[in-house]
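Take a look at the structure below.
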Amino acid sequence: MNQDIPGLARPAAGRRGRILVVDDQPANIVVAHQILRERHDVFMATNGEQALEFCRATPPDMLLLDVEMPGLNGMDVCRRLKQDPATHDIPVIFVTGLQNPQQELECWEAGAADFVSKPVTPITLLNRVNAHLTLKFQADQLRVLAYHDGLTGIANRRNFDERLDKAWRHCQRARSTLALILSDVDLFKKYNDSCGHHAGDECLRQVASAIQDQMRRPYDLAARYGGEEFVCLLPETTLAGAVTVAIKIDAAVRALHIQHPASSVDVCVTLSQGVAVIEPDAGEDGERLLRLADDQLYLAKRTGRGRVCAV
Ligand SMILES: Nc1nc2c(ncn2[C@@H]2O[C@H](COP(=O)(O)OP(=O)(O)OP(=O)(O)O)[C@@H](O)[C@H]2O)c(=O)[nH]1
């Protein structure tokens, strides 16, 4: 039905948005729902606390936020969303009944993406929502590209560096251990030379996926560390636990049965792995953990490859 409305912009990236409509007057929510429901999934909250709870639990793609509400008003809600890294990228469109420049200024300062006036004009509301959703989806896509490796699709080095820093501080606070596995494809230069770069790329994709499949806890991270080297970050994990994961990775990669005609280790592709565990200390950072794991990886290479060494 909306397709027939003259002047309607293309729906944002062809995707349905998840839009939270926040208004203390249920009748206003019903109006917004009627306008948006055909193209988007609409959720509702009738006060600020409910809205914040919804955003923390299941962040929507956008908020349509009433300015005047009893309790937490729209500006309070917006400010809190912008302070929380988990919600600060959600665009907020204020729905305002007053033509009040001072209030508008406060909304911009609170982090508004845009305004619409009550009573809302359906075509204007839809176009504003679509325009901001398009920007939001593009920003989401850029973030995925910036934090993931283009060849294998798993986390990239930047992603790992940031997560290592967070995991370090978390384990320091929790007085728990932080484990790290460095995994390097054995004799990969020879693999490329004998099978070709295209096969080399495909091999890295399969190895990455096999490693990723072994990450079973929500805070575990597998990343491509560089070339043919991968890293797994395992917060709150003991040495024994990390070695178990490394052995599973070893088995999963061998089970791929990728023929390596130039390997002196096995007939198929294998990994050398170094495992290290540390109880993070104040005044240090993840570099030491990386160095410890790298020493073990070097030991695995030197003592025959296709094995796990741990400290
Ligand atoms: N196909 C492909 N090759 C890559 C990629 N990144 C790195 N390489 C290759 O990986 C090879 C790594 O070689 P080396 O560092 O000498 O290590 P190795 O041959 O695996 O030997 P060991 O580590 O001692 O077992 C180099 O030839 C790189 O060109 C990639 O994205 N695709």
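As the structure lists them, so they are numbered: ligands from 1, and atoms in each ligand from 1. Just so you know, these numbers come straight off a predicted model, no measurement behind them.
- For atom 3 (N) of ligand 1, the choice among Asp184, Leu187, Val185, Asn192 with the nearest heavy atom turns out to be Asn192.
- Those atoms of ligand 1 with a heavy atom of Gly200 less than 4.0 angstrom away are 1 (N).
- Considering Asp186, Asp250, Asp184, Thr303 in turn, Asp186 is the only one that fulfils the side chain to side chain donor-acceptor pair (under 3.5 Å) rule with Ser272.
- Ser263 contributes no side-chain N or O that, together with a main-chain N or O of Pro261, makes up a donor-acceptor pair within less than 3.5 Å.
- Taking any N or O of Lys190, backbone or side chain, none lies under 3.5 Å from an N or O belonging to ligand 1.
- The part of Leu204 lying near ligand 1 is the side chain, judged by heavy-atom distances below 4.0 Å.
- No side-chain heavy atom of Asp66 sits under 4.5 Å from any side-chain heavy atom of Gln25.
- Listed by number with element, the atoms of ligand 1 under 4.0 angstrom from any heavy atom of Leu151 are 31 (O).
- Here the side chain of His40 pairs no donor or acceptor atom with the backbone of Val129 at under 3.5 angstrom.
- Using a 4.0 Å cut-off between charged side-chain N and carboxylate O, Arg79 and Asp76 make a salt bridge.
- Looking at atom 32 (N) of ligand 1, its nearest protein heavy atom turns out to be Asp201 OD1, 2.6 Å.
- Under the 3.5 Å distance criterion, the side-chain polar atoms of Gln296 are matched with a main-chain donor or acceptor of Ala310.
- The backbone N or O of Phe230 lies less than 3.5 Å from no partner atom in the side chain of Arg224, so there is not a single donor-acceptor pair.
- More than 12 heavy atoms of other shown residues, nucleotides or ligands fall within 6.0 angstrom of atom CZ in Arg307.
- For atom 4 (C) of ligand 1, the candidate residues are Tyr191, Tyr298, Phe188; the nearest heavy-atom contact is made by Phe188.
- Looking from atom 22 (P) of ligand 1 to the surrounding protein, the closest heavy atom is Lys301 NZ, 3.4 Å.
- Nearest protein neighbour of atom 13 (O) of ligand 1, counting heavy atoms only, is Lys189 CB, 3.6 Å.
- Of the protein's non-hydrogen atoms, the one nearest atom 24 (O) of ligand 1 is Arg305 NH2, 3.0 Å.
- Scanning the protein for heavy atoms near atom 6 (N) of ligand 1, the closest one is Gly227 CA, 3.2 Å.
- In this structure, of His197, Arg224, Glu228, the residue bringing a heavy atom nearest to atom 31 (O) of ligand 1 is Arg224.
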